[in-house]
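Below, each value reflects all heavy atoms present in this structure, side chains not excepted, and no hydrogens, waters or symmetry copies. Chain letters run A, B, ... following the sequence lines, proteins first and then strands; every chain starts at 1.
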2 protein chains.
Amino acid sequence: MKITSIHIKQLREEKGITLRTMAKQLGVSASFLSQVERGKSSPSLSTLKNIANALSTTISNLIGENQMIENNPVVRENERKELTEVSQGVSMFLLTSKDANKQMEPLLFKLDEHASSGNMGYKHFGQEFVLVLKGSIEITLNDTRYVLKKGDSIYFNSNIAHSFKNLGKEKAEAVWVVTPPTF
Amino acid sequence: MKITSIHIKQLREEKGITLRTMAKQLGVSASFLSQVERGKSSPSLSTLKNIANALSTTISNLIGENQMIENNPVVRENERKELTEVSQGVSMFLLTSKDANKQMEPLLFKLDEHASSGNMGYKHFGQEFVLVLKGSIEITLNDTRYVLKKGDSIYFNSNIAHSFKNLGKEKAEAVWVVTPPTF
DNA sequence: CGCGCTTGTCAAGTATTAATTAACAAATTG
DNA sequence: CAATTTGTTAATTAATACTTGACAAGCGCG
């Protein structure tokens, strides 16, 4: 497989930086940077990282890893697909239609009273974001417990042990965004 | 700058794949894959992409671009920081505390009646996700208009022209997640 | 105009390193 | 304990990342 879309040029020009000055900053020749920009040569990971830094962006961004094919963007409330195989009293709904190259996976969680995650020890690398919409949810990260009420949010690496539980007597609801998508 | 943490080995072993079989699948020697796994050699972008595919993950993931330093993960509803320099009648609140290497930037939008984005023609590469919590918001992507009501969500590339407007007579509210972070 | 300076690009090299080969010990297997 | 399979190492090769130097096109400025 070939890496094609490295849109360095566009980002560089947006910043008003010239090829030569940027090349000097990176410690490579201007000529080489030009080749890279036009796909004539492929940079090493190391220099690609330098390029990303110079443009204050990420490698992921440069190689277009986050460009998806535009599909049906909207998911209506009544069209949400529910995920199966979740814990008792836990409902998960997809907030996007199936699409390749999505960077994040937004979900809606609905927790019955006292429902919990069990041991969904997802241990992939990535990040998670949760915003509580209704009720209150207890989230445990590495033995540290956080009680989130309506309006509270949390952000953490998903490679650490994490679990959740609905403490209250009412149903709880939360937006849950995971990266990268696993469903 | 050197790329250090390429945790291929862990992912491979989790999948129960052996070095040699994976190497054969990639079209490289087992020896070389071993060197890469232990940081003795750095793969080309092309083979790194192959490795990512074989492990059904992303390059971004392999190079640990999405690992952040654990900080204060929680943002309470009353602690949200408001962004300045937004359009008239538009309020934006950060839903995370400042932290490096975040992959996504979750925001809460509050739109007064008839408030609109103006021409916030953000044209960076990345993706956006919006879930409407209150009221209804019209989002325009490349001249296509979508009216989202409470509970509806949308997901799109942020390098296309996009704008939003509160159509209704009441205030509107939405969760807005942007990748990569720009604030 | 015409000089100087800067822009990005090209072709032909060099130097670095990505990747291979073959052999190795340690762990399984049967 | 043979016999295969595991991951690792050293030495060599093949590939390509990167440089050098020259080029035309553009742009300001007297």
Practice item. Using a strict 4.0 Å threshold on nitrogen-to-oxygen distance, state whether B/E138 and B/R145 make a salt bridge. Key: yes
**Study point:** Separation of atom CD in B/E13 from atom C1' in D/dT8, rounded to whole Å
**Key:** 14 Å
Review point. Is there a donor and acceptor pair closer than 3.5 Å between the side chain of B/S42 and the base of C/dT17?
Key: no
Exercise for review: Give a yes/no verdict on a cation-pi contact between A/K81 and A/F93, requiring under 6.0 Å between NZ or CZ and the six-membered ring centre and an angle within 45° of the axis.
Suggested key: no
Check your understanding: How long is the line joining CZ of A/F32 and C1' of C/dT16, in whole Å?
Key -> 11 Å
Review point. When the ring planes of A/F129 and A/Y155 are compared, do they come out parallel, tilted or perpendicular, using 30° and 60° as the limits?
Key: tilted
Check your understanding: Of B/A30 and B/K40, whose closest DNA chain C nucleotide lies nearer the 5' terminus?
Key -> B/K40
Practice item. Quick one: label A/S44 by what it contacts on the DNA or RNA (base, sugar-phosphate, nothing), any heavy atom closer than 4.0 Å. Key: sugar-phosphate
Point to revise | Check: C/dT9 base within 3.5 Å donor-acceptor of A/E37 side chain | key: no
Review point. Does the distance from a Lys or Arg side-chain N to an Asp or Glu carboxylate O, for A/E173 and A/K134, drop under 4.0 Å?
Key: yes
Practice item. Identify whether any heavy atom of A/T18 sits under 4.0 Å from a base atom; if not, whether one sits that close to sugar-phosphate; answer base, sugar-phosphate or nothing. Key: sugar-phosphate
Point to revise | Stretch residues 22-29 of chain B: residues that reach within less than 4.0 Å of DNA chain D through a heavy atom | key: none
Exercise for review: Check whether A/L83 and A/V178 end up in the same hydrophobic cluster, where Ile, Leu, Val, Met, Phe, Trp and Tyr are linked by side-chain heavy atoms less than 4.5 Å apart.
Suggested key: yes
Check your understanding: Does any N or O in the side chain of A/N166 come within less than 3.5 Å of the main-chain N or O of A/G168, such that one atom is a donor and the other an acceptor?
Key -> yes
Point to revise | Sugar-phosphate, base or nothing in reach of A/R38, heavy atoms under 4.0 Å | key: sugar-phosphate
